[in-house]
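Report on one structure; see the data block that follows.
Worth knowing before you read on, the calculation uses all heavy atoms, side chains too, and leaves out hydrogens, waters and symmetry mates.
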Amino acid sequence: MTRLSQLGELGLLAELEQRGLIVGVEHDAARVGPDLVVTQDALVEGVHFLLDWIEWRDLGYRAAAVNLSDLAASGAEPEGLLVTLAAPRETAVEDVVAFYEGIAETGVPVVGGDTTAAGSVVVSVTALGRSERVPGRAGARPGDLLVVTGALGGAGAAFREARYVRPPLRLAEGRQLAAVAHAQLDISDGLAVDAAHLARRSGVRCVIELERVPLAGGATVDDLGFGEDFELLAALAEPPLGTVIGRVEEGQDVELLLHGEPYELAGWQHFR
């Protein structure tokens, strides 16, 4: 019997896709109809967050922001959020109110969802938006430049200090890049892992020069492998914004270089 720990998240998705049980999961969000974009993420206490490290208001903001990041990667204008909150019965009402106040700080309304009792806190958010053009992950071309929308490594640096940082909202930048990008995604699993998603779906090789990657305050190069930075990574010919950190070539996989020498970064995979 094969275990999830053996397959990992990517292996599981590949298995389900091969069996025809899921379709169209290669991008950050699902495109439904001509312009509707839908994405969903879950946050589980003890896996994605610790309540000793984060306030309820910040948890609400985070739960919304990680989903809005997928809409940003899709060049979408958000329209609403569906929020499901599962929590222990002894949770203070004031904490739940603070959670929803954090969501409201993103400026995107909660238009539905659910609440239920549970042994620990689990949050599931579905974000709805509309996009005229979704670049996806499969269109990168040899000769493209690779750009990021902001500094990376901040989440990893914060985690080493037993704290979290609020994810950025790159919705405006996402729409601007999506108008011209050949491929685009958000950086949630680590720079190397997410660049590999783009390379694999596009059938190209991504070469990243790590010394060109802007680092957040207190971050090191190794923090680039932590993930959860939620900046955007785009492949395009003439970037209208962002910092160029590499290029796209013919071939496959990802090549990481630090001052011209090969370098390895870790990355996040669920179940492993």
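- Take F159 and apply the ring-ring contact (aromatic ring centres under 6.0 Å, His included) test, not counting sequence neighbours, and it matches W53, F226.
- With a 4.5 Å cut-off on side-chain heavy atoms, V121 and W56 count as touching.
- Counting only distance, with no hydrogens or angles, the side chain of S202 and the backbone of R137 share a donor-acceptor pair below 3.5 Å.
- Looking at V180 and E238, their side chains never come closer than 4.5 Å, going by heavy atoms from C-beta outward.
- Every residue meeting the side chain to side chain donor-acceptor pair (under 3.5 Å) condition with E161, not counting sequence neighbours, appears here in chain and number order: R163.
- Although no hydrogens or angles enter the test, the distance criterion places a donor-acceptor pair under 3.5 Å between the side chain of S131 and the main chain of G75.
- Contact detail for G139 and A183: the closest heavy-atom pair is N-CB, 4.0 Å.
- Hydrophobic cluster membership for V97: V93 (Ile, Leu, Val, Met, Phe, Trp, Tyr linked by side-chain heavy atoms under 4.5 Å, directly or transitively).
- Under a 4.5 Å side-chain heavy-atom cut-off, the cluster of Ile, Leu, Val, Met, Phe, Trp and Tyr residues that includes V165 has no other member.
- Environment of CD in E211: crowded, with over 12 heavy atoms of neighbouring residues, nucleotides or ligands closer than 6.0 Å.
- Rounding to the nearest 0.5 Å gives a distance of 12.5 Å between NE2 of H48 and CD1 of I54.
- When all heavy atoms of A73 and P135 are compared, the pair lying nearest together is O-CD, 4.0 Å.
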request  = Start with the C-alpha gap between D186 and D194, add the side-chain angles, then the distance that decides, and say whether side chain to side chain contact (heavy atoms under 4.5 Å, CB included) holds.
outcome  = CA-CA 8 Å; D186 75 336; D194 287 312; 5.6 Å; no
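- Hydrophobic clustering places L4 together with I22 (ILVMFWY residues linked when any side-chain heavy atoms are closer than 4.5 Å, directly or through intermediates).
- At distances below 3.5 Å, not a single donor-acceptor pair connects side-chain atoms of T39 with backbone N or O atoms of D70.
- Linking ILVMFWY side-chain heavy atoms closer than 4.5 Å, directly or via other members, places L241 and V148 in two distinct hydrophobic clusters.
- The distance from atom CZ of R62 to atom OG1 of T106, rounded to the nearest 0.5 Å, is 14.5 Å.
- For R3 against M1, the heavy-atom pair with the smallest separation is NH1-SD, 3.3 Å.
- Here the closest non-hydrogen pair linking P239 and V244 is CG-CG2, 4.3 Å.
- Atom CG of D41 and atom OG of S69 lie 9.0 Å apart (nearest 0.5 Å).
- Applying the side-chain contact (heavy atoms from CB on, under 4.5 Å) criterion to E105, with sequence neighbours excluded, gives R57, Y61, R166.
- Atom CZ in R133 sits 12.0 Å away from atom OG in S74 (nearest 0.5 Å).
- Under the 4.5 Å side-chain contact rule for hydrophobic residues, V38 and L68 do not share a cluster.
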task = Go through D58 and Y164 one step at a time and tell me if the side chain to side chain contact (heavy atoms under 4.5 Å, CB included) criterion holds.
result = CA-CA 9 Å; D58 289 331; Y164 299 103; over 6 Å; no
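- Judged by distance alone, with hydrogens and angles left aside, the side-chain atoms of D114 form no donor-acceptor pair with the main-chain N or O of T84 at under 3.5 Å.
- A distance of 12.5 Å separates CD1 of I208 from CG of L258, quoted to the nearest 0.5 Å.
- Every residue meeting the side chain to side chain donor-acceptor pair (under 3.5 Å) condition with H197, not counting sequence neighbours, appears here in chain and number order: R200.
- Applying the salt bridge (Lys or Arg N to Asp or Glu O under 4.0 Å) test to residues at least two apart or on different chains, the pairs with a partner in residues 78-95 are E79-R130.
- Sorted by first and then second residue, the salt bridge (Lys or Arg N to Asp or Glu O under 4.0 Å) pairs involving residues 212-227 (not counting sequence neighbours) are R160-D223, E209-R212.
- L71 and L169 fall within the same hydrophobic cluster, defined by Ile, Leu, Val, Met, Phe, Trp and Tyr side-chain heavy atoms under 4.5 Å apart, directly or through other members.
- For residues 253-266, the salt bridge (Lys or Arg N to Asp or Glu O under 4.0 Å) pairs, not counting sequence neighbours, are R205-E255.
- Residues passing the side chain to side chain donor-acceptor pair (under 3.5 Å) test with S124, sequence neighbours excluded: Q40.
- No chain of hydrophobic side-chain contacts below 4.5 Å, direct or via other Ile, Leu, Val, Met, Phe, Trp or Tyr residues, connects V193 to Y263.
- Cluster partners of L257, using a side-chain heavy-atom cutoff of under 4.5 Å among ILVMFWY residues and allowing indirect links, are V207.
- For the pair E132/D35, no side-chain contact is recorded, criterion being any heavy-atom separation below 4.5 Å from C-beta on.
- Annotation: the span from E45 atom CD to L51 atom CG amounts to 4.5 Å, rounded to 0.5 Å.
- Residues E231 and G150 share a closest heavy-atom pair of OE1-N, 3.2 Å.
- In this structure, L82 shares a hydrophobic cluster with V111, the cluster being traced through Ile, Leu, Val, Met, Phe, Trp and Tyr side chains under 4.5 angstrom apart.
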request  = Mind running side chain to side chain contact (heavy atoms under 4.5 Å, CB included) on F230 and E228 for me, showing each step along the way?
outcome  = CA-CA 5 Å; F230 298 105; E228 296 198 345; 3.8 Å; yes
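- Listed here is the closest heavy atom pair of A235 and L146: CB-CD2, 3.9 Å.
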inquiry  = Working note: L215 + L224, criterion side chain to side chain contact (heavy atoms under 4.5 Å, CB included); need CA distance, chi angles, decisive distance, verdict.
reply    = CA-CA 8 Å; L215 293 176; L224 299 175; 3.7 Å; yes
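- Between P214 and I245, the closest side-chain pair of non-hydrogen atoms falls below 4.5 Å.
- Screening D229, L210, V221 against L191 for a side-chain contact (heavy atoms from CB on, under 4.5 Å) leaves a single residue, L210.
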